[in-house]
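We name chains A, B, ... by the order of the sequence lines, and we start the count at 1 in each one. Only heavy atoms go into these numbers, but all of them, side chains included; no hydrogens, no water, no symmetry mates.
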2 protein chains.
Amino acid sequence: MRTSIATVCLSGTLEDKLRACAAAGFDGVEIFEQDLVVSPSSPEEIRALASSLGLTLDLYQPFRDFEGVSEDLLEQNLRRAEAKFRLMQRLGIDTMLVCSNVATATIDDDAVAASQLRSMGTLAARYGIRLAYEALAWGRYVSDFEHAWRIVELADHPNVGTCLDSFHILSRRWDPAAIEKMPAEKIFFVQLADAPELSMDVLSWSRHYRVFPGEGAFDLVTFMGHLVRSGYNGPVSLEIFNDVFRQAAEERTAVDAMRSLIRLAERTSLHLAEEGNGKGRMELATLPGVGEPLGFSFAEVKAGDPVQVRNLLHQLGFTCQGSHRTKAVELWTQNGVRMIINGQQATGLEPGISAIGLDVPDAAAAASRALQLKATPVSRRSQANEEVLQVVAAPDGTEIILCQATEGEPAWSAEFGTGSPLPAPGPVTAIDHVNLSQPWQHFDEAVLFYDSTLGLSTRPSVEVPSPMGLVRSQVMRSSDGAVRIALNIAPPVFDDAGDGSGYPQHVAFACTDLISVARTAAARGLEFLPVPGNYYEDLDARFGLDPEFLSTLRELNLLYDRDGDGEFLHFYTSTVGNVFFEVLERRPFYEGYGAPNAPVRLASQFLTSGTARS
Amino acid sequence: MRTSIATVCLSGTLEDKLRACAAAGFDGVEIFEQDLVVSPSSPEEIRALASSLGLTLDLYQPFRDFEGVSEDLLEQNLRRAEAKFRLMQRLGIDTMLVCSNVATATIDDDAVAASQLRSMGTLAARYGIRLAYEALAWGRYVSDFEHAWRIVELADHPNVGTCLDSFHILSRRWDPAAIEKMPAEKIFFVQLADAPELSMDVLSWSRHYRVFPGEGAFDLVTFMGHLVRSGYNGPVSLEIFNDVFRQAAEERTAVDAMRSLIRLAERTSLHLAEEGNGKGRMELATLPGVGEPLGFSFAEVKAGDPVQVRNLLHQLGFTCQGSHRTKAVELWTQNGVRMIINGQQATGLEPGISAIGLDVPDAAAAASRALQLKATPVSRRSQANEEVLQVVAAPDGTEIILCQATEGEPAWSAEFGTGSPLPAPGPVTAIDHVNLSQPWQHFDEAVLFYDSTLGLSTRPSVEVPSPMGLVRSQVMRSSDGAVRIALNIAPPVFDDAGDGSGYPQHVAFACTDLISVARTAAARGLEFLPVPGNYYEDLDARFGLDPEFLSTLRELNLLYDRDGDGEFLHFYTSTVGNVFFEVLERRPFYEGYGAPNAPVRLASQFLTSGTARS
């Protein structure tokens, strides 16, 4: 599959964009006219730069408002087109995108549109240029891709074909199956975009909210299946208008884009294999198939001064199993649940979550898959005789360590203390989930990363009010729930660095007896996140709880929720640096995260931490 | 008119919110339940705080999902309601908002809903509490305010009335005229919200995009007219769910809110007077009626080192008319157009626009009006014998100086140089517009400020792509176009301070012969903002310009646009500090601002300035 991307997807100058596309591994790009118009580089310079970067220039776009017009306007439009054909020759681009007329069409007649496109095709042929006619979803007379195709058929000119854009087709809920009926050689170009389900006018939806394939709600796998079966073998190009991508650093947006295409190619390939249908000519990348992660192997907190983190873990019932034999790193455990405190940091560094270890069926395959999906490899310093770990960085910088699942203790645990320490017992049974704050401009990227590299899938997201604005929370989990990662985007205005670092993150431990964990922790002096009295009155109003139970909740600063599946009890510790802990009990099939209690936590953290404006 | 506001409109803790509401001058507040639930303050403490701040607590809200349910659920709901009635007694609140059932209603029968509300009313009466039943626009069976009113009539209980919310009524395009048919004493509460025209699902629209009255597209003046004529005389309360307001500093959001109500009261009063209809009992504030500003008196640039600004003005044909007799301030003029260079700054201060002088028919009245609309007064240091200026700060900090319009030179110009300097001649005829960057979180506030205090009205906004993201541009102008202020919000990610200061601002001068101004400026060494060659090729493709004219444009870095009304020529200077200048020529009735050229400017500035990532 030849990969391409429209320059309008990225921020920066045209040169910045080309370099970012090449670095991310794209085969080619579409030149978006505006990007060229504002560039001080000549067409020849852009052509030379692309060539030196190994990028083909696949499409010039858009040419607007051509067909269905009066004779006078047609003449002007042909003159306008010819100027662009000359420009395209200088760029070395042989295909132009012609969008269905939005603004100036006055004649609603396919024969007229076809005849005018034929004239344009005749002119284009003199310059060796092909026209890819596309139905915009909001075109005045032509808004359906099959209608555009009928006009192309009527035009009946070798230089006039069609362009298919998944957004314009799927946003209007046209059935993409008709793609298979088109002769592949008349599909001159294909653009892909995904989008979240939003009920808004299609133009605003298109101009601001498109996302890369896999980041939205469109069924692009089925779309691609039709395309492959049609026999199309040209570029598959991303054309994403997105307010956030326009602002974000172009290098990482380009990587996100490339990842989305690789993942889509894999999913399409699996889909076609499943259907057993004859494939087309397009070669689709495949990736090492790896099973879902089986659970958390550990979570790591780094800290310049580990004493506060040690205290919290001790109060929650964890025991230090020993220090690493060569590094200032400690292993703490409880009932087989592992936490690492990494003290190899500058003294002033605030505690924070630095890494998550995941048990996977095949660590080498999982790492290979992640790297093929453009994840950034991380080299962890290791010494002779130490276990070599497979590590990649998540978009927010958290290190994801892919650990070979084993029976019993992992080999690397022998590096801590003398011999192989036995895990300490206790009521904590697992890391239930890890909650990571995301820079708002990289949220979609993060979702795609966890989906594509680890096979975690998204749950419906929720919005939680805090004193600082709405926080959006997106849980990603493995199908059995053994691995759950909650991604939070917090309002940018309170996050000076804009990188999510203004918000604390947390590790949540599951246990079988929350009240006992809380009592032990209280006896050991744990500073609980305080819960206001008003909360308990509201809880009672909503659930009519047993007074003794309610009084226990209140005494221990415990939070409570209930739904059709069961009950949920949990508490939070105070925050140290950028990290805090949660302990929770699911009774027995409650699958949520206590969302109704999240505003209480956020308000209490706002009051007790330095995050608040003061 | 009694003013009130729901605490959910603002950021911060409940205490922060109450203090901000009191400071902004509200009479009362609605307590939004969630704000109380997450607060560590007891109901009694909140009641005492409100009382000490002089705020009444007007409403407790929301109570959800009550009516249209099975007998079992009704019993649970009554128990839940009673807990809240007790809480309201502790708060000293006598009115509860009961929203039409969204989630749990199973019985679509007005008689059942009415009977259940009657039971609730009977219970509420024991606590001295009134229930204000409101139709949510997305209620399961009740989504129309007239339907809610019919159920209230059926319930026929003194403690059951209705609540009217402009959003729920106008978003569904119900006709608010029916309000006049309701007995005023059964309208227990009124909530106001405005919203921009968005075609999206009404729930998302309501939860994220409400704005204060006058900041959106709803006709709230007509709505208020019906309300006043109904005889309603209770609180008029703002209930605005807005993602940005939730993040912004609560003190200024509260002022923005109060300004919106004062302005709405004035407009309602004018509307009723115009109709000559009998008014109701509600007293509506009036404000000094002031005419529109007649033009720009001057613009002021402050600079630690004024030399670069002096150079630019000189190159554009301005002459220094003298220095202020007591301050390091210079007056530069051309053909009666005045620019002030304020050099009374710390040496390091980058040049930037600091003030705009506007000619108004009655400066004292205009200032009084602005202050009554909660504008922040600014005291400019002045000395004996100097003109006393009326100055207020716009939301972005720019000082707006309200100057008494006079024939000839203003009195204060005599403070410059010896005697009254004669303005230098030249082709510049006016300040055409001033372009100010706005912090993104204060954009709606800025629009309302210029509308309410100065009577400028909004033009359709445009979005302009830049290498750093989309820039939204909103022009506000007087009806004859003599005063035009363009407000720009730029993408936050490139503006580290988040206050708009990362983006340069500009003053645009109108002239009668742009090419001659440009030639003079070029001869004097002006550094023009460079315009790429690709731009001129595109211009030619679009407009088919005369080759000689095109070559002049290209030679002088001039930009061009054309529409049905005429032609537009303009150029930009390079940026010094945070300011640059534009000179433009309108031939003759072109009313725009060269929007198609804005991306060229932004890209060129991105390349030539330090704003870009590097």
Side-chain angles (χ1 to χ4, degrees), chain A residues 8 11-13 16 33-34 36-43 76 79-84 87 198-201 204 207-208 243-244 246-249 441 463 465-470 491-494 496 498 530 532-535 537-538 540-542 544 599-600 602-604 606-607 612-613, chain B residues 8 11-13 16 33-34 36-43 76 79-84 87 198-201 204 207-208 243-244 246-249 441 463 465-470 491-494 496 498 530 532-535 537-538 540-542 544 599-600 602-604 606-607 612-613:
Chain A
V8 73
S11 69
T13 65
D16 293 338
E33 180 169 87
Q34 180 103 278
L36 182 73
V37 166
V38 305
S39 171
S41 301
S42 70
Q76 284 179 47
R79 193 191 50 72
R80 178 161 63 94
E82 191 163 14
K84 297 300 177 185
L87 177 67
L198 295 173
S199 47
M200 58 165 57
D201 68 285
S204 303
R207 290 277 167 85
H208 301 287
D243 288 2
V244 176
R246 279 178 185 275
Q247 298 173 30
Q441 67 273 39
E463 278 168 342
S466 92
M468 306 178 285
L470 291 180
V493 80
F494 285 90
D496 286 344
N534 298 328
Y535 167 77
E537 296 188 12
D538 182 62
D540 196 31
R542 289 194 284 136
V600 178
L602 290 164
S604 190
F606 176 80
L607 276 168
R613 273 168 294 146
Chain B
V8 73
S11 68
T13 65
D16 293 339
E33 180 168 85
Q34 180 103 275
L36 182 72
V37 166
V38 305
S39 171
S41 300
S42 69
Q76 285 179 46
R79 192 190 51 71
R80 178 161 63 94
E82 191 162 13
K84 298 300 177 186
L87 176 68
L198 296 172
S199 47
M200 58 165 57
D201 68 284
S204 303
R207 290 277 167 85
H208 300 287
D243 288 2
V244 176
R246 280 177 184 275
Q247 298 172 30
Q441 68 272 39
E463 279 167 343
S466 93
M468 307 179 282
L470 291 180
V493 79
F494 285 90
D496 285 344
N534 297 329
Y535 167 77
E537 296 188 12
D538 182 61
D540 196 31
R542 288 192 285 135
V600 178
L602 290 165
S604 190
F606 176 80
L607 276 168
R613 272 169 293 147

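Heavy atoms of B:Leu87 lying under 4.5 Å from chain A belong exclusively to its side chain. For B:Ser604, no part sits under 4.5 Å from any heavy atom of chain A, backbone or side chain. For chain A, the nearby parts of B:Pro43 are the backbone and the side chain; heavy atoms of each come within less than 4.5 Å. In this structure, the portion of B:Glu463 lying under 4.5 Å from any heavy atom of chain A is its side chain and not its backbone. Proximity to chain A is limited to the side chain of B:Glu33, based on heavy atoms less than 4.5 angstrom apart. There is no contact between A:Ser204 and chain B, counting heavy-atom distances below 4.5 Å. Interface remark: A:Leu198 contributes no atoms to any contact with chain B (heavy atom separation under 4.5 Å).
In terms of heavy-atom pairs under 4.5 Å with chain A, the best-connected choice from B:Ala83, B:Ser199, B:Ala81 is B:Ser199. With chain B as partner, the option from A:Ala603, A:Pro530, A:Pro599, A:Gly533 having the largest number of non-hydrogen pairs under 4.5 angstrom is A:Pro599. Residue with the most contacts toward chain B among A:Ser466, A:Ala541, A:Pro465: A:Ala541 (heavy-atom pairs, distance under 4.5 Å).
To the nearest 0.5 Å, the span separating CD on A:Gln34 from CG on B:Asn534 amounts to 12.0 Å. A distance of 13.0 Å separates CZ of B:Arg80 from CG of A:Asp540, quoted to the nearest 0.5 Å.
A pairwise comparison of heavy atoms in A:Ser39 and B:Pro532 identifies O-CB, 3.1 Å as the closest pair. Between B:Leu470 and A:Asp243, the shortest heavy-atom distance links the atoms CD1-OD1, 3.1 Å.
Evaluation of the side chain to side chain contact (heavy atoms under 4.5 Å, CB included) rule for B:Arg79 yields no partner, not counting sequence neighbours. In this view, B:Asp538 and A:Lys84, B:Arg542 satisfy the salt bridge (charged side-chain N to carboxylate O under 4.0 Å, His left out) rule, not counting sequence neighbours.
Taking 4.5 Å as the limit, some side-chain heavy atom of B:Leu607 sits within range of a side-chain heavy atom of A:Pro40. The shortest distance between side-chain heavy atoms of A:Phe606 and B:Asp16 falls below 4.5 Å. Within the 4.5 Å cutoff, the side chain of A:Ser11 has no heavy atoms near those of the B:Met468 side chain.
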